[in-house]
Amino acid sequence: MSDAPKKLRKATPHRADLIQNDNIGTAPLSFEAAFEALTDGVLICDTTGKILYMNRAALQLFGVPASAAYKGKPYQCVLGHCTWYDENHQPLAPDQLPLAFVLRERTMPQVHERTLIMRSPAGREVSILCSVSPLFDAHKHLYGTICLFHDVTKQHQHAHQIYSSYQALSTLIQAIAHIPKIIDTPHEDNHLLLSKRTHTIEQHLVDLIRQVLDCDWVFLFSIGPENRVYYVATSGLTQEQEQRRMQINGRYTMADFLDESTIARLYNNETVIMPHHRITLPFTDTPDLDTDLGLFTPIISKKQFVGNLLIGKSGYEQGYTAEEITLAETTAMLTVMVMECIHTCDTTDKERAKALVQQEAYSLIDEFLNSASHELRTPLTVVIGNIQLASRRLQSLNQQLANQPEAFAEKLPHIQQSLEHASQGAYTIDILLNMLIADVQIHRNTLTLHMKRFDLVKMVHQVVARQQTQASEYTIQIDTDPQLKTLMVVADMQRIQQVITIYLLNALMYTSLDRPVTVRVERRQKMAYVAVHDDGPAISPDEQQEIWHRFTRPRAPVYELDWSLGLGLYTCKEFIQRHHVEVGLESAPDAGATFWFTLPLPEENKATK
């Protein structure tokens with residue numbers, strides 16, 4: 001380890017107020033009590049990396065017995081037993097951990113923070129927000145480091161589920177929107193309603209169901225002549241498990257899998273929930289799926305049982321919620337409606353059929369978006385609730401320890417800031433889910449505007465501040481006349497916030513880090529004018545004509561997760577036009593793109609111009 005800079009070379013191992021002992025030091029009782037009360041793990045080391053103290057939460061996190069003689073040993077003796085990864089699950093060497101970094105950079109005054117994935121020797125995988133900083137005594141002498149480990153596994157799991165569901169939903173929507181192309185595809189399995197011809201849509205359906213419901217696996221069966229079973233699409237299986245099922249297509253009947261009473265209920269269009277051990281697998285003597293509970297949802301076409309959607313999930317005591325059952329039944333209904341449309345088109349005029357199917361496809365998308373977006377809100381609500389709970393507990397702890405030495409007190413605001421960032425992210429996802437619901441309301445003509453008077457300038461600053469926090473690596477500028485302190489409008493404030501947010505998200509998606517996104521607010525005669533400009537790729541004249549249409553994405557996606565689903569700018573246009581004003585776009589080569597909208601001014605604003 002390199003020598004400390006001059007200002008710390010005279011640092012001696014004083015008896016610190018926080019850590020003191022004749023040999024290696026321990027936290028005094030008042031601080032031990034505070035540390036032991038924390039649910040976060042606390043690890044304190046000296047300047048050489050030897051362990052001075054670990055609280056109970058840290059011992060449990062790293063699987064260290066309370067009786068273990070860890071004090072005075074290098075921190076690697078504890079952390080080294082675990083395997084560490086970054087957020088992308090790339091392996092990390094011991095010298096890449098935040099604690100090693102702070103020990104190396106001994107004069108670093110600020111907290112070093114990073115989210116890590118840790119796999120314990122027992123195989124348990126945990127997501128951890130690791131926060132490390134140098135530790136100074138009352139005389140400003142460096143004597144060690146303090147490291148806090150905040151378990152964010154549940155938050156990460158819920159966030160991953162939401163994002164995965166959103167991606168699956170995006171892919172499904174694109175597949176349904178292109179249903180007319182399937183009409184020209186040859187139909188090989190004439191005896192099956194659900195067949196290889198429509199495998200792409202069916203696969204997207206089962207993938208989406210598994211993501212949204214967070215279940216173990218999903219099967220889609222087609223029932224052929226003599227009640228023979230054909231696996232059409234599966235999700236959640238290994239390649240070997242899937243191949244095993246596809247190879248036995250058509251060999252077995254429903255009676256080989258289920259008892260007579262269950263089959264009768266399915267034929268009667270009843271949804272059936274039953275333990276998985278009651279399902280017979282005629283093609284193997286050993287069950288290859290470790291699942292407790294199965295949900296059978298029949299697929300009925302023209303009063304005939306033609307297929308089945310089977311969902312499996314662990315945790316028999318949990319059962320299936322009414323919302324989960326509704327989503328499964330809605331999926332089954334949409335599946336059969338799509339397939340019936342396609343098969344009907346085989347016997348009608350192809351061009352006319354394509355137009356009708358496109359119209360029907362949009363209607364199906366409305367139904368599915370409405371059901372899926374509400375189901376997505378469930379994990380989102382849990383995430384937001386956990387973040388708010390953690391924030392309140394940290395605030396309370398901060399008040400209790402307000403009089404304690406600065407070295408420890410500085411840790412809490414940084415954790416609080418991280419939770420606030422997570423809360424901001426959950427808020428953004430909430431906006432996007434609201435966009436899905438609004439899209440359905442637009443097509444059902446049930447969208448309602450809640451008009452109120454508010455300050456547009458103030459609201460724009462609030463939205464920009466929120467997005468700047470979310471995208472701190474980018475620069476968002478507000479370009480407004482300094483004399484324009486306020487600009488009162490009467491509009492649906494929530495909808496206008498959504499429009500500005502979507503404009504900003506779209507601009508950030510296509511802007512490089514070294515170029516700012518600019519938001520401008522003006523008063524133009526009888527109108528308020530808001531514009532968001534980015535220096536990304538220009539939008540061609542042809543694209544400019546299509547960009548406001550439903551399911552149209554501008555330019556090429558930059559991120560793997562395309563948040564808009566091709567609905568963002570479309571819903572913006574609908575929101576603004578329902579205020580009886582305008583939206584617009586200006587774009588030219590090497591000039592980026594500017595998306596704008598107007599709002600009417602109340603009479604008093606017009607009079608003061």
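Computed from heavy atoms alone, side chains included, the values below leave out hydrogens, waters and symmetry copies. Position 1 is the first residue of the sequence, and the numbers go up from there.
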Novice: May I ask you to test the Met509-Leu505 pair for a side-chain heavy-atom distance under 4.5 Å?
Specialist: no
Novice: Is it true that a side-chain atom of Tyr503 and a backbone atom of Trp596 form a donor plus acceptor pair closer than 3.5 Å?
Specialist: yes
Novice: Measuring from Met118:CE to Cys130:SG, what's the distance to the nearest 0.5 Å?
Specialist: 11.0 Å
Novice: Does Thr234 offer a backbone N or O that forms a donor-acceptor pair with the side chain of Gln203 under 3.5 Å?
Specialist: yes
Novice: How close do Pro602 and Val490 get, heavy atom to heavy atom, and via which atoms?
Specialist: CG-CG2, 4.0 Å
Novice: Please report the interatomic distance CD(Gln477) to CD(Gln468), rounded to the nearest 0.5 Å.
Specialist: 9.5 Å
Novice: If I take atom CD from residue Glu546 and atom CG from residue Leu569, how far apart are they, to the nearest 0.5 angstrom?
Specialist: 13.0 Å
Novice: Taking side chain to side chain contact (heavy atoms under 4.5 Å, CB included) as the criterion, tell me which of Leu447, Ile502, Val499 meets it with Thr571.
Specialist: Ile502
Novice: Which atoms form the tightest heavy-atom contact between Thr511 and Tyr474, and what is the distance?
Specialist: O-CE2, 3.1 Å
Novice: My understanding is that only residues two or more places apart in sequence, or in another chain, count here; which of them pass ring-ring contact (aromatic ring centres under 6.0 Å, His included) with Trp217?
Specialist: Phe219, His276
Novice: Can you list the steps and then say if Thr594 with Val532 is a side chain to side chain contact (heavy atoms under 4.5 Å, CB included)?
Specialist: CA-CA 6 Å; Thr594 301; Val532 176; over 6 Å; no
Novice: Measure the shortest side-chain to side-chain distance between Ile117 and Val126 over non-hydrogen atoms and say whether it is less than 4.5 angstrom.
Specialist: no
Novice: Under 4.5 Å between any side-chain heavy atoms of Val517 and Leu504, yes or no?
Specialist: yes
Novice: On a heavy-atom basis, which atom in Gly592 and which in Ser587 lie closest, and how many Å separate them?
Specialist: O-OG, 2.8 Å
Novice: For His533, is there any backbone N or O sitting under 3.5 Å from a side-chain donor or acceptor partner on Thr518?
Specialist: no
Novice: Checking Leu449 now: which residues fulfil side chain to side chain contact (heavy atoms under 4.5 Å, CB included) with it, not counting sequence neighbours?
Specialist: Met451, Asp492, Arg495, Arg578, His579
Novice: Working to the nearest 0.5 Å, report the span between CD of Gln494 and NZ of Lys452.
Specialist: 10.0 Å
Novice: If we only count heavy atoms from C-beta on, is the Leu601 to Met527 side-chain gap below 4.5 Å?
Specialist: no
Novice: With sequence neighbours left out, write down each residue that passes ring-ring contact (aromatic ring centres under 6.0 Å, His included) with Phe149, or none if nothing qualifies.
Specialist: Phe62
Novice: Search all heavy atoms of Val457 against all heavy atoms of Lys485 and return the closest pair with its distance.
Specialist: CG1-O, 3.7 Å
Novice: Closest approach of Thr480 and Val521, non-hydrogen atoms and distance?
Specialist: CG2-O, 3.6 Å
Novice: Are the side chains of Gln90 and Tyr85 in contact, using a 4.5 Å heavy-atom criterion?
Specialist: no
Novice: Using the salt bridge (charged side-chain N to carboxylate O under 4.0 Å, His left out) criterion, which residues pair with Glu242? Sequence neighbours excluded.
Specialist: none
Novice: Who are the side chain to side chain contact (heavy atoms under 4.5 Å, CB included) partners of Thr448, not counting sequence neighbours?
Specialist: His450
Novice: Which residues pass the side-chain hydrogen bond (donor to acceptor under 3.5 Å, both in side chains) test with Ser235, sequence neighbours left out?
Specialist: Asp207, Arg210
Novice: Could you tell me if the side chain of Leu116 sits less than 4.5 Å from the side chain of Asp86, heavy atoms only?
Specialist: no
Novice: What residues form a side chain to side chain contact (heavy atoms under 4.5 Å, CB included) with Gln577, not counting sequence neighbours?
Specialist: Lys573
Novice: For side chain to side chain contact (heavy atoms under 4.5 Å, CB included), just list the numbers for Cys147 and Ser131, CA-CA rounded to whole Å, side-chain angles, deciding distance to a tenth of an Å, and then say yes or no.
Specialist: CA-CA 6 Å; Cys147 184; Ser131 181; over 6 Å; no
Novice: Can Ile576 and Glu582 be said to form a side chain to side chain contact (heavy atoms under 4.5 Å, CB included), step by step?
Specialist: CA-CA 6 Å; Ile576 297 301; Glu582 297 179 326; 5.6 Å; no
Novice: Donor-acceptor pair, Gln96 side chain versus Ala93 backbone, under 3.5 Å?
Specialist: yes
Novice: May I ask you to test the Gln467-Thr501 pair for a side-chain heavy-atom distance under 4.5 Å?
Specialist: yes
Novice: Could you give all pairs that pass the salt bridge (Lys or Arg N to Asp or Glu O under 4.0 Å) test and reach residues 499-521, with sequence neighbours left out?
Specialist: Asp479-Arg520, Arg515-Asp535, Arg520-Glu522
Novice: Considering non-hydrogen atoms only, spot the tightest contact between Asp151 and Asp40 and give its length.
Specialist: N-OD1, 4.5 Å
Novice: Could you check whether the rings of Trp548 and Phe595 sit parallel, tilted or perpendicular, using 30° and 60° as the cut-offs?
Specialist: perpendicular
Novice: Hey, mind stepping through Tyr529 and Arg523 against side chain to side chain contact (heavy atoms under 4.5 Å, CB included) and telling me if it holds?
Specialist: CA-CA 6 Å; Tyr529 171 86; Arg523 181 167 56 192; over 6 Å; no
Novice: Looking at CG of Leu148 and CD1 of Ile128, how far apart are the two atoms once the value is rounded to the nearest 0.5 Å?
Specialist: 11.5 Å
Novice: Got Phe575 and Val583 here, is their nearest side-chain heavy-atom distance under 4.5 Å?
Specialist: no
